[in-house]
Chemist: 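Quick one: the structure is below, questions incoming.
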Amino acid sequence: MSTKTPVPELVLDQITVRFGGLVALDDVSLRVPAGRIVGVIGPNGAGKTTLFNVICGFVTPSAGQISLGGRSWKPRPHRLNRLGIARTLQGVGQFGGLTVLENVLVGARGFRSGEEPAGRGWPAGRARQSEQDALAALERCGVAEYAHAYPGTLPYAVRKRIELARALAARPRILMLDEPAGGLDTDEIHWLAGLIKTAGTTVLLVEHHMDLVMSVCDEILVLDFGKPIALGTPAGIRANEKVTEAYLGTAA
Ligand SMILES: Nc1ncnc2c1ncn2[C@@H]1O[C@H](COP(=O)(O)OP(=O)(O)OP(=O)(O)O)[C@@H](O)[C@H]1O
C-alpha cells in the first residue's frame, strides 16, 4: 500500500554558514517552488556547493531555517532518498568495484516519487521496481548499453550520464545537479539541457556554463563571497550590472 504526497516546495530562509572565521554563506534566502528549475551561480568559492551541502544535511547552518512542503525541516543525508531528493556530484564519483547498473541501483528507491511504501524492509517487489527504474534511467540517459560495464573503463562523458542516471533512478521530486556540464563538450551540454528541461521535476542547478544556465532556468540566484547579490529571471540576471561585474564578465 502507498500514499501519494505532493511535490514539496523547498524554502531556505536567511541561511548563514561559517567555517571558523570564513563566512561561506551570508544570510541567503531562496524559494524553490515545485516544478521550477532554479539555478545558483557565482564565482569559485561563492558558496554554491555549500548551499547544496546545507540542503543535503552535510553542513549545518550557523543560522537560518529550512522548510520543505511548508514544514520546518532539518535535512539528514540518509533521509534524502526517501524524501525524493537526489543529487549529482561535481565530477563523477562512482563505485569502481560495482557495475554501472549496480551503481545506478544505489540511487533507486523501489517506489514511485510521492508514494511511500507502508512497511519497512526491501521486499522482492521493491527490488524488481528498483531494477526497472535503474534500467529506465540508464535508457533515458542513453547509456543502457553500458549497464554491465565497470565505470572506470568508460569515457568521462558516459560517466557523467551515469551519474545523472543514478539520480534519476530515484524518481526524484527535487533533483540537485552540481556542475553537471563540467568537462562536457557542446553536443553533450545540448543533450543535458534537453534532459533538464524535460526532467518533469523540481531542479536545483549549480553550474558555471552560462549558456546552459540561461537556457534552462526559470530563476537564478547569484552568490558572491557567500552573499546573495541577485535573484531573478535569466534576462534580469544578464542585465544586472552587479552580476556582470562580479561574475558574468568572466564566466565561461
Ligand atoms: N568544509 C569546509 N571547511 C572550510 N571551508 C570550506 C569548507 N567547504 C567550503 N569551504 C570554503 O567555503 C567557501 C565556499 O566554498 P564552496 O565550495 O561552497 O564554493 P563554490 O561556489 O561551490 O565554488 P566552486 O565554484 O569552486 O565549486 C570557499 O572559500 C571554500 O574554501
Side-chain angles (χ1 to χ4, degrees), residues 1-17 25 27-41 47-89 106-122 126 129-130 133 136-137 164 166-178 180 195-207 213 216-223 228 231-233:
M1 213 177 95
S2 62
T3 53
K4 280 239 177 212
T5 51
V7 177
E9 176 175 85
L10 173 69
V11 179
L12 308 181
D13 186 24
Q14 298 186 295
I15 298 290
T16 291
V17 171
L25 290 176
D27 204 13
V28 176
S29 295
L30 180 65
R31 188 170 152 256
V32 186
R36 305 281 279 183
I37 302 176
V38 177
V40 182
I41 64 171
K48 306 178 295 295
T49 296
T50 302
L51 191 76
F52 265 29
N53 285 339
V54 165
I55 296 168
C56 292
F58 294 124
V59 168
T60 304
S62 328
Q65 310 289 326
I66 306 176
S67 70
L68 188 67
R71 301 168 77 169
S72 176
W73 179 55
K74 191 168 182 337
R76 302 266 191 223
H78 63 284
R79 298 211 180 121
L80 295 174
N81 186 274
R82 179 166 271 262
L83 287 169
I85 299 174
R87 170 185 181 169
T88 64
L89 300 172
V106 170
R109 298 193 288 163
F111 53 89
R112 289 170 181 272
S113 259
E115 292 180 346
E116 294 294 322
R120 287 175 179 273
W122 196 256
R126 281 185 72 187
Q129 182 68 56
S130 289
D133 289 346
L164 282 167
R166 184 189 51 70
L168 290 172
R171 297 170 175 263
R173 296 188 286 173
I174 300 178
L175 177 62
M176 300 172 65
L177 303 175
D178 195 352
L195 183 92
I196 293 172
K197 282 194 237 176
T198 58
T201 183
T202 307
V203 177
L204 250 181
L205 171 68
V206 163
E207 187 48 69
V213 172
V216 301
C217 289
D218 298 306
E219 194 166 43
I220 299 168
L221 169 69
V222 189
L223 298 175
L231 177 67
T233 61

Chemist: Is any side-chain heavy atom of Ile66 closer than 4.5 Å to a side-chain heavy atom of Asp13?
Modeler: no
Chemist: Any non-hydrogen side-chain atom of Val216 less than 4.5 Å from a side-chain atom of Leu205?
Modeler: yes
Chemist: Looking at side-chain heavy atoms only, is the closest gap between Pro228 and Leu221 below 4.5 Å?
Modeler: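 Yes, their side chains come closer than 4.5 Å.
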Chemist: With side-chain contact (heavy atoms from CB on, under 4.5 Å) as the criterion, how do Ile85 and Met176 come out once you've worked through the C-alpha distance, each side chain's angles and the decisive distance to 0.1 Å?
Modeler: CA-CA 7 Å; Ile85 299 174; Met176 300 172 65; 3.7 Å; yes
Chemist: Taking the side chain as every heavy atom from C-beta outward, state whether Leu51 and Leu12 have any pair of such atoms under 4.5 Å apart.
Modeler: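 A side-chain contact under 4.5 Å exists here.
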Chemist: If you measure from CD on Gln65 to OG on Ser29, what distance do you get to the nearest 0.5 Å?
Modeler: 10.5 Å
Chemist: Of all the heavy-atom pairs spanning Leu25 and Gly47, show the shortest one and how long it is.
Modeler: CD2-O, 3.4 Å
Chemist: What verdict does the side-chain contact (heavy atoms from CB on, under 4.5 Å) test give for Leu231 and Leu30, after you've listed the backbone C-alpha separation in whole Å, the side-chain angles of each residue and the deciding distance to 0.1 Å?
Modeler: CA-CA 9 Å; Leu231 177 67; Leu30 180 65; 3.9 Å; yes
Chemist: How long is the gap from CG on Leu223 to NZ on Lys48, to the nearest 0.5 Å?
Modeler: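 Taking CG in Leu223 and NZ in Lys48, the distance rounds to 7.5 Å.
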Chemist: Is the backbone N or O of Arg87 less than 3.5 Å from a side-chain atom of Arg166, with the two atoms forming a donor-acceptor pair by type?
Modeler: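 The answer is yes, because a donor-acceptor pair under 3.5 Å joins these two groups.
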Chemist: Taking Thr88 for the side chain and Leu164 for the main chain, is one N or O donor matched with an acceptor at less than 3.5 Å?
Modeler: no
Chemist: Decide side-chain contact (heavy atoms from CB on, under 4.5 Å) for Val11 and Val32; before the verdict, give the C-alpha distance in whole Å, the side-chain angles of both, and the deciding distance to 0.1 Å.
Modeler: CA-CA 6 Å; Val11 179; Val32 186; over 6 Å; no
Chemist: Between Ile15 and Asp27, is the side-chain contact (heavy atoms from CB on, under 4.5 Å) condition met? List the steps.
Modeler: CA-CA 5 Å; Ile15 298 290; Asp27 204 13; over 6 Å; no
Chemist: Any side-chain heavy atom of Leu168 within less than 4.5 Å of one from Leu175?
Modeler: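 The answer is yes, as the side chains (C-beta and beyond) meet within the 4.5 Å cut-off.
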Chemist: How close do Val213 and Glu207 get, heavy atom to heavy atom, and via which atoms?
Modeler: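 For Val213 and Glu207, the tightest heavy-atom pair comes out as CG2-CB, 3.5 Å.
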Chemist: Of the non-hydrogen atoms in Val206 and Pro180, which two are nearest, and what is the gap between them?
Modeler: O-CD, 3.6 Å
Chemist: Keeping the roles fixed (side chain from Ser67, backbone from Trp73), state whether a donor-acceptor pair exists under 3.5 Å.
Modeler: no
Chemist: Identify the two heavy atoms, one from Asp133 and one from Ala169, that lie closest to each other, and give their separation to 0.1 Å.
Modeler: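 Closest approach of Asp133 to Ala169, heavy atoms only: CB-O, 3.6 Å.
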Chemist: Between Ile37 and Ile196, is there a side-chain heavy-atom distance shorter than 4.5 Å?
Modeler: yes
Chemist: Please name the pair of heavy atoms, one in Pro172 and one in Thr201, separated by the smallest distance, quoted to 0.1 Å.
Modeler: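 So the minimum-distance heavy-atom pair works out to O-OG1, 2.9 Å.
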Chemist: For Leu89, is there any backbone N or O sitting under 3.5 Å from a side-chain donor or acceptor partner on Asp178?
Modeler: no
Chemist: Does Thr202 use its side chain to pair, donor to acceptor, with the backbone of Ile174 at less than 3.5 Å?
Modeler: no
Chemist: Given side chains that start at C-beta, do those of Leu177 and Val203 come closer than 4.5 Å, heavy atoms only?
Modeler: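 Yes, close enough: below the 4.5 Å cut-off.
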Chemist: Are Glu9 and Arg31 ion-paired here, with the side-chain N under 4.0 Å from a carboxylate O?
Modeler: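 Salt bridge: yes.
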Chemist: Which atom pair, heavy atoms only, marks the closest approach of Ile55 to Leu80?
Modeler: O-CD2, 4.0 Å
